[in-house]
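This report refers to the structure that appears directly beneath it.
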Amino acid sequence: MTFFVLILSALLLVALATALVADLLVAAIWLALLSVLTTIAMFYLNSPLAAVFELSICAGLITVIFISTISLTRLTSNQEKKTAARTRLKKYIWLPMVMLVIGIALYLTLDINLTLPLLTPETDVRKVIWNLRQFDLLGMLIILLVGVFGVVVLFKEKFNNER
Amino acid sequence: MNGDLNQLFGLFLLFLSLLLIAGVYLITATRNLIRILIGMEIMTKAVTLLIIAAGYVTANIALAQSIVITLIIVEVVVLLVGAGIVVGVFMLTGDISVKALKNMRG
Amino acid sequence: MQNELLVVVIVFLPIFGAFFLPLIGSANEKMRNIFALLMVVTAFLASLMLLPEVMRGTVISVSFPFIPALGLFHADLLAVFMAIVSSMVGSIIILYSFEYISHYENRNEYYFMVVLFLGAMMGLVFSRNLLFLYLFWEITAIVCWRLIGFFREKKYVLMADKAFIVTVFGALMMLIGFLMIYEQAGSFDLGTIKENMKGTPISNVAVFFILFGIFSKSATLPLHTWLPDAGVAPSPVTALLHAAVLVKIGVYVFARLFVATLVLDDIWHTLVPFIAAVSALITAGAAFIETDIKRIIAYSTISQLGFILLGLSVNTELGIAGGLLYILMHGIAKGGLFLCAGIVEQKTKVKDITQLGGLITTMPITAISFLFCAFSVMGIPPFGGFFSKYMVVAGAVQGGHPIIALVFLIGAIMTILYLFRLFNLVFLGELRLDRSEGSSVMTVSVFLLAILSLAGGIFVSYPAEVARTAVVQALELVK
Amino acid sequence: MTLLLIIFFLAAVLIINLPPKAFFKKIAFWLALFLLLLQLVFVFLPRSLWTGLNTLCSSNNFSMVQDSLSMVMLLSIAIVGLVALLVAKAHIKSENKLFNFVCLLLLCCIGMNGMVVVTDLFTLYLFLEIVAAAVYIMIVFEKNQNAYEGAFKYFILSAIATTLMLAGVGLTLSTVGALSFTALQIYFANTAQISAGATIGVLLFMAGLFIKSGLVPFHGWLPDAYQAAPNPVSILLAGIVTKSSGVYALVRLGMLGVLVPESLKTLLLAFGAATILIGALAALWQKDFKRMLAYSSISQVGYIVLSLGAGTLLGYAGAIFHMFNHAILKSLLFVNSAAVESRTGTRDMDAMGGFAAKMPWTGATSVIGALSISGIPPFSGFWSKLVIVIALWKAGLHYYAAFAILASLLTLSYMLYMQRKVFFGKLIEGYDDLREAGFLYILPSVILALITIGLGIGFPFIVGTMLMPVAIFNW
């Protein structure tokens, strides 16, 4: 229990850091750290397979996507860092306070006593994925295809500069 | 029903809703498109963990894991498309701020 | 079986036939005109053929081919009478359009719309189900919208939209009323409603909503403004809309629902005549002030509709029969007036009566026809309008509304005055614009209507007998 | 069986990307046309043709629904997909681009087909995300600034929506213990004390769906996305995408008995009424043809949601019927706007006038579409609105019913405004050599117009056979 409190607090702190840090690249790295923390939490919640996916894809691939996007749009990122850093901080300084207020409010009102039904579900992840949730597998295949076309259309085709 | 598990889930609910709010705040407060994507990621992290926690407390972790794996794949594709849009906006306007997106009104 | 077939032909021949008219028209214009006339004349003749059967009190029912429980049409004397009136006037108007409309564009659309309109009118008259009634009601609204905006001028299209929106607003209110009837009587079928509601008055809220729809369509006072504006349409259309058919729809639905099907609460037998009286007087006043020839006649229409509504709502046999008879007489006479106005307008290109005068010397037939029709509307014996107006007012006195009857007498006098003013300014006096008589087809049609107005008065016993029988039948079945 | 619709489409997309590419690029359009026609055939002959193939996949563990709701949705998807495909053929000139577009269109259709047959809350989300991703790409297909703006707004609000839905999934998982529709149905039907977690879960899921279907406080993305998208994509978006991704799921949840609590019904009614009113009022002010249609779309979705709020069988029937009608009519009107734009290059209604004189087919079909969507008989739009109104009336919601009736007047007024500005009236100067739009625009609009007329006139037959037993609808 204490461990989870610690890790969840760390998660929140890292999220705050991601929000508050001025440099976009650093923010992307903080985001990767957020993923790593999520991975740890997942490990301790008995879900190693999901954790591995989270680590490799979210902490790895997504960070790569972010870093390449940031470097592709580097020009304005630099400008923004110099000129807008201070005004930006003013806006985000409210974030911790907002979260603190809402957190307290939630803690006071949240009805934690959820009724949790007892079921005897399938416990083997592999069986669940391959036998019970084939539709999801099909869906994954389709969305990957969509992603491929997304790359083709969004990144490969020429721009048609109308304005 | 196990009281500890209940309490644990409550803990997760509390912290993860805060994380979700952080994401929403980031999306609404920023003017930078990439930061909006980061906010979106933070929100997704929150719900991912929420699903795992829900699976854990109901002893249904296998289902939760398989869902989360699918979710991660979806997340990456959607993010890719989002990044593509941001890069496109940059190529057209040379800017990645929300100001570039104020053409249409009413 | 044969009679049922006739009813189906009356309704569906014009409706579906209308869709072929543009096709025929793109090949041969003359053929299209003749086909259009033929369809409406067929409907007229078929309605006449139904007359002897329904005079005996039979009600011809047609139900949906695949769903026997769903009644489609029914033909009683009230419906047949109405069908005869509108198809007769409709035929003459189409004959008149042969010449009139040939000067303008979009002729295919014109014939399509007019024939579709008459078909929808037939459908409305015969429908047995409130939903179908509503359906045909709205088709007429669509057609009016296209026809009022026929000349495509920006201002005209705006007025078309206005007319459309006002009538649809009324229709939607009426639909709410229908839903209330549905709730109270458990069905949309008129026959079932009649059986389930025997004797019990319908809820006043429902009546209020339905009256809203009726008033919007028949242009009674608070909702009348669209009608004078609709005068921008081609003259045969205004004749069709204002005089013969469209505005009578509202009155017909009143008769169909509140005379032949449902029993009204007593208060409406006072309230509706009162509204009719106010409407008749105020619009008669407006007709005095106007200078546009078509607007004057339009206001006169609104005023005369007050008489019809009075007759139908006073709850006496004599009054209702008078109302029905006046639907016929007013249709013929007012149609004639509009068509005469159309001839004047087309020849002189002027609608302002202060700029006209003395046309009787150059357009004698038009002038005489105008005068005959005007006499009928004024209620001067022996023209048809006199008898029906007399019956309406007598019915009102019989029904215990002597004061309202008196008000209507004042209205009748006003009618005489403003129509004489109109005739005087346009046809008498010094000749301002020297224009020849309209073409032969047009003058023949107006002359025909003038003769019919006169004949309607001289041989008044025949239509009066039909109207009286219709009322007796309708009331017997309800009570 | 319905799985074949997904497998075939997927196989087709995979095959046309294999070598020889030059050959497949040529046939891609025709293949897509064939597949969508196949889907049409499938809807009307669900059993006979497919029994043989059915055995192929009966061993699998794909559980799907195949009720009339799914069938209606599959039908609308096929029709709108076909229309979008035809317009795309006319709209996109380059062969390469057309190829990419066709592939994306097929993927989008797969997503929608999947969405309307799945039996699991999470799988529903997954297919919804497939559709959304494909649509983002299609919106920015022409790569102009407005398109990026529309797509990004859609993207952000969808991201929030899907997050809410996933949070709902998480809460449902924690209280119901499973995500399949049957489990939900059993839980909500049998549990005496529905736990707060489940209710909040459903609420969150619903909130996500509200955003996805563009109900009023969450409608900000919709006009931008519709306006900025290329014409074929607008057709697809307005016709079917938002309906299947937002509204379908709501209807499905309703039919599962998940929306039973009185508070949820009130919520649906309130949102529906607000959406009708505000969407219509906003539509009245628009000058851009497509934007006006987009607001009209919002307003019509309000009717569907209002009908769901009645919570009765008739209400669901009305919602489904109106959804189908709206798919037909909105695609028709968008095809009209696309046809006008293809000839004049503008969408500004103030710069138009009297085009019906030169474009008779477009003009006539647009009149039919406009009247039908305003609920004027004898077109199909009248009947679906009538079913909705009767459902509301019978549920005792008299004021809502009266409101729904009178709100048609607003629809009529902006549609008449459109007619007056664009088609009805005198031809404005400078368009003397305007010609009728191409065959690929005329064909779909005529077919769609015929469907709405046919449905309107044949409604009494349909009501007894397809929509619902006659007993419910008392003539």
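Within every chain, numbering begins at 1; the chains are lettered A, B, ... in the order of the sequence lines, protein sequences first and strands thereafter.
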By a 4.5 Å heavy-atom criterion (distance strictly below it), what part of [X] contacts chain B: side chain, backbone, both, or neither?
X	result
A:L11	both
A:V5	both
A:I102	both
A:V148	neither
A:I143	both

For each of [options], tally heavy-atom pairs with chain B at distances under 4.5 Å, and name the one with the top tally.
options	answer
A:A28, A:A41, A:S68, A:P48	A:P48
A:T18, A:I57, A:L100, A:L16	A:I57
A:V14, A:T69, A:L61, A:L144	A:T69
A:G147, A:C58, A:G150, A:S47	A:S47

From [X] atom [atom1] to [Y] atom [atom2], the distance as rounded to the nearest 0.5 Å:
X	Y	atom1	atom2	result
A:F53	B:I69	CZ	CD1	5.0 Å
A:L8	B:L49	CG	CG	6.5 Å
B:I38	A:I70	CD1	CD1	5.5 Å

What are the two closest heavy atoms between [X] and [Y], and how far apart are they?
X	Y	answer
A:M42	B:V68	CE-CG1, 3.9 Å
A:L45	B:Y56	O-CD1, 3.2 Å
A:L154	B:G84	CD1-CA, 3.9 Å
B:A22	A:M99	CB-SD, 3.6 Å
A:A19	B:L26	CB-CD1, 3.7 Å
A:N46	B:Q65	O-NE2, 3.5 Å

ask   = Which bit of B:L71 comes within less than 4.5 Å of chain A, counting heavy atoms only: side chain, backbone, both or neither?
value = neither
task = Look at B:L37, B:V86, B:V78, B:T93 and state which one has the largest set of heavy-atom pairs under 4.5 Å with chain A.
result = B:L37
Evaluation steps, side chain to side chain contact (heavy atoms under 4.5 Å, CB included), between B:F90 and A:L72 = CA-CA 9 Å; B:F90 177 74; A:L72 270 175; 5.8 Å; no
query = Can you find a pair of side-chain heavy atoms, one from B:T70 and one from A:R133, that are under 4.5 Å apart?
reply = no
